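All figures in this text were calculated on a predicted structure; none of them were measured in a lab. All residue numbers in this chain count up from 1 along the given sequence.
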Amino acid sequence: MLRATDLGFAYDARQPVLAGVSLEVRAGALVGVLGPNGSGKTTLLRLLAGIRRPTSGTVTLDGRPLHGYSRRALAARMAVVPQETHLAFDYSVMEMVLMGRHPHLGVFEVEGPADLAVARDALAATSVAHLENRDFATLSGGEKQRVVIAAALAQATDVLLLDEPTSSLDLGAQLDIAQLLVDLNTTRGVTVVVSTHDLALASGICRELVLLRQGRVQAAGATAEVLTAEQVRALYDVDADVHVHPVTGHLSVVPLRRAAR
């Protein structure tokens, strides 16, 4: 269980980014975090990951505050996939994925055959095993995202936090990443929290949603109960048609117009 209680955070005391945010992510859940630009989605993920400490409130993992874990211990439990990955040096795909094994290595210990096996399993799970020897910088956007997710899998963590995993990807790559997240959640039992602007992604794969507006939780709960035309209007100031798609069986959100003020 990953739990946030009454979280507050501010880079500038006069302009809080988050205020009074509480949520629970149960083991095995697939949760989406939605909200307009500036609503605090990325900041919330950073707080949940322990990358930043809240100004107020607490984040706990299995009832234990995150600051009670060492960096290594926390990295063995949670992995983060950022929106963009920038590298200072040229790395091969295998070197990238092996970075995920660092929390499990001792001081001055190097990766061994068991770590290589874990890395190759992660590459296979994300369907990029054939890219093992390629330079990461030469990959397409979708391929890079799969490799970064493979590195997160190689950490052998319980929880995967992703920030805008389908941004800047073409339609096919978006579908591939969406299916990959579902597979990791259902077949490997990975708890997934994904921050996204993509309503189709959120409605298609997430069983629960958290809606953020101006740093506060507007609504949270089961996707079918939370993703309504009324909530979309309140969240984005947009009138939308929300209905169950006859083919996919998922909610479909079609923006219609800017809402009248």
Legend entry - Trace of the side chain to side chain donor-acceptor pair (under 3.5 Å) decision for D170 with Q174: CA-CA 6 Å; D170 64 39; Q174 290 176 26; over 6 Å; no

Inset, instruction - Run the numbers on L61 and L66 for side-chain contact (heavy atoms from CB on, under 4.5 Å), then give the verdict. - result: CA-CA 6 Å; L61 180 62; L66 293 192; 3.8 Å; yes

Inset, instruction - For side-chain contact (heavy atoms from CB on, under 4.5 Å), just list the numbers for V159 and V190, CA-CA rounded to whole Å, side-chain angles, deciding distance to a tenth of an Å, and then say yes or no. - result: CA-CA 6 Å; V159 182; V190 178; over 6 Å; no

Inset, instruction - Give the intermediate values and the outcome of side-chain contact (heavy atoms from CB on, under 4.5 Å) for residues V217 and L212. - result: CA-CA 5 Å; V217 175; L212 279 183; 4.0 Å; yes

Legend entry - Trace of the salt bridge (charged side-chain N to carboxylate O under 4.0 Å, His left out) decision for E111 with R101: CA-CA 8 Å; E111 300 90 350; R101 299 303 300 158; over 6 Å; no

Legend entry - side chain to side chain donor-acceptor pair (under 3.5 Å) between E143 and S140, worked out: CA-CA 5 Å; E143 290 169 336; S140 69; 3.3 Å; yes

Inset, instruction - Could you walk me through whether R213 and D237 pass the salt bridge (charged side-chain N to carboxylate O under 4.0 Å, His left out) test, one step at a time? - result: CA-CA 11 Å; R213 182 178 172 93; D237 295 321; 3.3 Å; yes

Inset, instruction - Assess whether side-chain contact (heavy atoms from CB on, under 4.5 Å) is satisfied between M94 and L116, documenting all intermediate values. - result: CA-CA 9 Å; M94 176 54 78; L116 284 168; 4.1 Å; yes

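In plain terms, the two heavy atoms of A10 and P16 that are nearest each other are CB-CA, 3.7 Å. What you find for G215 and V21 is that their closest heavy atoms are O-CG2, 3.3 Å. The two residues L180 and A125 make their nearest non-hydrogen contact at CD1-O, 3.5 Å. Of all heavy-atom pairs between L48 and A4, the closest is CD2-CB, 4.1 Å. Shown here for H104 and A76, the closest heavy-atom pair between the two residues is CE1-CB, 3.9 Å. Heavy-atom minimum distance, D90 versus E95: O-OE1, 4.3 Å.
Contact check for T138 versus D135: side-chain heavy atoms found under the 4.5 Å cut-off. Side-chain contact between H250 and H245 is absent, with no heavy atoms from C-beta onward closer than 4.5 Å. By the 4.5 Å heavy-atom criterion applied to side chains, L47 and L18 are counted as neighbours. Between V210 and V31 there is a side-chain heavy-atom pair separated by less than 4.5 Å. Side chains of S92 and N133 form no contact here, defined as non-hydrogen atoms less than 4.5 Å apart.
The pair D115-R120 fails the salt-bridge criterion, with no side-chain N (NZ, NE, NH1 or NH2) lying under 4.0 Å from an Asp/Glu carboxylate O.
Side chain of T157 to backbone of M78: no donor-acceptor contact under 3.5 angstrom is found. Between the R72 side chain and the H102 main chain, a donor and an acceptor come within less than 3.5 Å of each other. Formation of a donor-acceptor pair under 3.5 Å by the Q218 side chain with backbone atoms of Q231 is found in this model. At least one donor-acceptor pair under 3.5 Å links the side chain of Q155 to the backbone N or O of A75. In this structure, the side chain of T223 engages the main chain of C206 through a donor-acceptor pair within 3.5 Å. In this structure, the side chain of H197 does not engage the main chain of E164 through any donor-acceptor pair within 3.5 Å. Remark: the backbone N or O of V182 is not paired with any side-chain donor or acceptor of N185 at under 3.5 angstrom.
If you take NZ on K41 and CG on L44, they are separated by 10.0 Å, rounding to the nearest 0.5 Å. To the nearest 0.5 Å, the span separating CD1 on I205 from CG on L181 amounts to 5.0 Å. Note that the CG atom of L201 and the OG1 atom of T196 stand 4.5 Å from one another [nearest 0.5 Å]. Atom OG of S195 and atom CG of L161 lie 10.0 Å apart (nearest 0.5 Å). With rounding to the nearest 0.5 Å, the separation of CG in L162 from CD in Q145 is 7.0 Å. Separation of atoms CG (L169) and CG (D176) is listed at 9.5 Å; rounding is to 0.5 Å.
Using a 4.5 Å cut-off between side-chain heavy atoms of Ile, Leu, Val, Met, Phe, Trp and Tyr, with links allowed through other members, V33 and L7 fall into the same hydrophobic cluster. Under the 4.5 Å side-chain contact rule for hydrophobic residues, I149 and L98 share a cluster. When the side chains of ILVMFWY residues are joined at heavy-atom separations under 4.5 Å, either directly or via intervening members, V80 and V192 end up in two distinct hydrophobic clusters. Hydrophobic clustering (side-chain heavy atoms under 4.5 Å, transitive across Ile, Leu, Val, Met, Phe, Trp, Tyr) groups L45 together with L2. Tracing side-chain contacts under 4.5 Å through hydrophobic residues (I, L, V, M, F, W, Y), one reaches L131 starting from L123; they form part of the same cluster.
Between Y11 and F9, the two ring planes are perpendicular [angle over 60°; tilted spans 30° to 60°].
Hydrophobic cluster membership of V253, counting Ile, Leu, Val, Met, Phe, Trp and Tyr whose side-chain heavy atoms lie under 4.5 Å apart directly or via other members: L34, L199, L209, L211, V226, L227, V232, L235, Y236, V238, V242, V244, L251.
No more than 12 heavy atoms of other residues, nucleotides or ligands sit less than 6.0 Å from atom CZ of R26. A 6.0 Å sphere centred on CZ of R134 holds more than 12 heavy atoms belonging to other residues, nucleotides or ligands.
With a 6.0 Å cutoff to the six-membered ring centre and a 45° limit on the axis angle, R64 counts as a cation-pi contact of Y69.
Listed by chain and number, the residues in a side-chain hydrogen bond (donor to acceptor under 3.5 Å, both in side chains) with D198 amount to none (sequence neighbours excluded). Remark: D158 engages R77 in a side-chain hydrogen bond (donor to acceptor under 3.5 Å, both in side chains) (not counting sequence neighbours).
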